[in-house]
Amino acid sequence: MIDCIDKEFYSRPTAVVARDLVGMKLVRSLVVDGLKSRLSGIIVETEAYGGRDDQASHARVGLTPRNSVMFGQVGRAYVYFTYGNHFCVNVSARSPKQPAGAVLIRALEPAEGIALMKSNRNQDDLYSLASGPGRLTRSMGITPTLNGVDMTRSDSELFIEIGRSPRRIISTPRIGITRAIEKRWRFIDPSSIHVSRKTRINVR
DNA sequence: CGCTCGATATTCT
DNA sequence: GAATATCGAGCGA
């Protein structure tokens with residue numbers, strides 16, 4: 001029996017959830033050529049995004065069609081399209097007192113279904129497969145059709161399991177934003193090389 | 001290796 | 001019209 005992370009885990013302050021998700025396993029269940037397949041990776045980089053009080057968050061402007069998952073039930077997938085090319089995946093998480101929040105998953109260390117992930121990315125280099133939010137959604141076949149999916153159920157197409165304990169977790173300012181850069185709400189496992197280029201530069 | 005640029009949805013100004 | 005929770009191609013050093 002494998003543990004799927006439950007709603008209680010996500011019903012805590014978003015930054016705490018973001019930190020605790022490092023080391024957990026993101027699982028994508030899909031059907032390829034009539035066969036049920038499983039893709040997974042250990043989460044090695046996350047970022048927390050809050051509500052009105054977080055000027056870097058999509059939720060800072062209040063509820064819109066795009067960010068509605070951030071205001072809904074915790075433990076749901078928030079998938080959005082960005083920069084004209086890429087998808088990013090978050091899981092909604094927040095303290096019960098807060099109106100909105102989500103954790104952006106920024107990098108994975110590939111675990112299961114690596115051959116299919118390589119095929120999805122048209123890329124053979126293991127270290128480039130899921131080292132970045134746009135890369136990991138592509139390698140795992142995550143698109144906005146999964147927006148709103150309940151990630152606390154192991155029969156969902158996308159969910160998170162207990163993984164391993166990272167040796168160490170570092171926090172730094174978030175990447176690719178211009179507002180609220182003082183918040184150190186990015187969490188990474190610095191022992192993993194499966195991280196974005198920008199991350200590595202920052203850690204060094 | 002580092003820099004610039006294109007892709008172009010959603011939202012903001 | 002401009003900015004954005006990004007990535008990879010193309011180019012020059």
Side-chain angles (χ1 to χ4, degrees), chain A residues 10 13-19 21-22 26 41 43-72 74 76-94 98-108 110 117-148 151 158 160 170-188 193-204:
Chain A
Y10 299 110
T14 309
V16 173
V17 176
R19 187 193 63 207
L21 278 176
V22 175
L26 181 70
I43 297 169
V44 295
E45 180 181 358
T46 63
E47 283 177 0
Y49 286 90
R52 286 268 188 197
D53 50 348
D54 181 6
Q55 284 306 300
S57 172
H58 288 169
R60 71 184 179 280
V61 296
L63 183 70
T64 67
R66 180 173 67 155
N67 68 20
S68 63
V69 173
M70 292 184 77
F71 290 81
V74 298
R76 303 292 175 121
Y78 170 35
V79 185
Y80 66 90
F81 189 77
T82 192
Y83 288 110
N85 282 286
H86 306 287
F87 304 125
C88 292
V89 63
N90 302 242
V91 56
S92 57
R94 63 180 183 277
Q98 293 295 122
V103 176
L104 172 67
I105 300 173
R106 288 189 56 89
L108 303 174
M117 291 172 72
K118 286 181 175 175
S119 157
N120 285 341
R121 284 265 293 125
N122 195 23
Q123 160 74 266
D124 238 21
D125 176 19
L126 183 64
Y127 305 124
S128 307
L129 273 190
S131 54
R135 291 170 175 174
L136 76 89
T137 52
R138 186 148 193 86
S139 62
M140 299 199 94
I142 296 170
T143 66
T145 62
L146 295 176
N147 192 51
M151 295 179 72
L158 188 67
I160 300 176
I170 282 179
S171 73
T172 80
R174 292 169 291 183
I175 287 295
I177 59 167
T178 55
R179 289 174 281 228
I181 55 176
E182 76 285 353
K183 286 183 165 68
R184 300 177 70 86
W185 280 2
R186 180 169 54 145
F187 302 92
I188 73 172
I193 56 178
H194 298 262
V195 292
S196 70
R197 197 172 83 237
K198 285 177 181 172
T199 300
R200 279 208 289 275
I201 289 166
N202 238 305
V203 168
R204 208 171 284 150

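Labels below follow one simple rule: chain letters A, B, ... track the order of the sequence lines, proteins then strands, and each chain is numbered from 1.
Residues meeting the salt bridge (charged side-chain N to carboxylate O under 4.0 Å, His left out) test with A:Arg138, sequence neighbours left out: none. Remark: A:Arg94 engages A:Thr14, A:Val74, A:Gln98 in a side-chain contact (heavy atoms from CB on, under 4.5 Å) (not counting sequence neighbours). For A:Phe81, the side-chain contact (heavy atoms from CB on, under 4.5 Å) partners at least two apart in sequence or on another chain are A:Phe87. With sequence neighbours left out, the side-chain contact (heavy atoms from CB on, under 4.5 Å) criterion links A:Ala107 to A:Val44, A:Glu45. Taking A:Arg60 as the reference, A:Gln55, A:Arg179 meet the side-chain contact (heavy atoms from CB on, under 4.5 Å) condition, with sequence neighbours excluded. For the side chain to side chain donor-acceptor pair (under 3.5 Å) test, residues two or more places apart in sequence or in another chain that qualify with A:Thr145 are A:Thr143. Remark: A:Tyr80 engages A:His58, A:Tyr78 in a ring-ring contact (aromatic ring centres under 6.0 Å, His included) (not counting sequence neighbours).
Across C:dG8, C:dT6, C:dA5, the shortest atom-to-atom separation from the side chain of A:His86 is found for C:dT6. Across C:dA5, C:dT6, B:dT10, the shortest atom-to-atom separation from the side chain of A:Ile175 is found for C:dT6. In this structure, the nucleotide among C:dA5, B:dT11, C:dC7 sitting nearest to the side chain of A:Pro133 is C:dC7. In the set C:dG8, B:dT11, C:dA5, the nucleotide with an atom closest to the side chain of A:Pro65 is B:dT11. Of the candidate nucleotides C:dC7, C:dA5, B:dC12, B:dC12 has the atom lying nearest to any side-chain atom of A:Val61. Nearest nucleotide to the side chain of A:Arg135, out of C:dG8, C:dT6, B:dT11: C:dG8.
Look at A:Thr82 and you won't find any side-chain N or O under 4.0 angstrom from OP1 or OP2 of C:dT4. When the side-chain nitrogen and oxygen atoms of A:Arg138 are compared with OP1 and OP2 of C:dT6, none of them lie within a distance under 4.0 Å. Within the 4.0 Å cut-off from OP1 or OP2 of C:dA5, not a single side-chain nitrogen or oxygen of A:Arg186 is found.
Nucleic acid contact for A:Phe81: sugar-phosphate only, since backbone atoms but no base atoms lie under 4.0 Å from a heavy atom of the residue. Nucleic acid contact class of A:Ile177 (heavy atoms, under 4.0 Å, all strands): sugar-phosphate only.
For B:dA9, the base has no donor-acceptor partner in the side chain of A:Tyr80 [N/O atoms by modelled type, under 3.5 angstrom].
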Protein-nucleotides 1-3 of chain C N/O pairs closer than 3.5 Å?
none

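Side-chain atoms of A:Arg174 do not come within 3.5 Å of backbone N or O of A:Arg184 as any donor-acceptor pair.
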Base-pair string, DNA chain C, Watson-Crick plus G-U, cut-off 3.5 Å on both distances, | for inter-strand, is ||||.|||||||.
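Partner of A:Thr137 under the side-chain contact (heavy atoms from CB on, under 4.5 Å) criterion, chosen from A:Val89, A:Ile105, A:Asn120: A:Val89.
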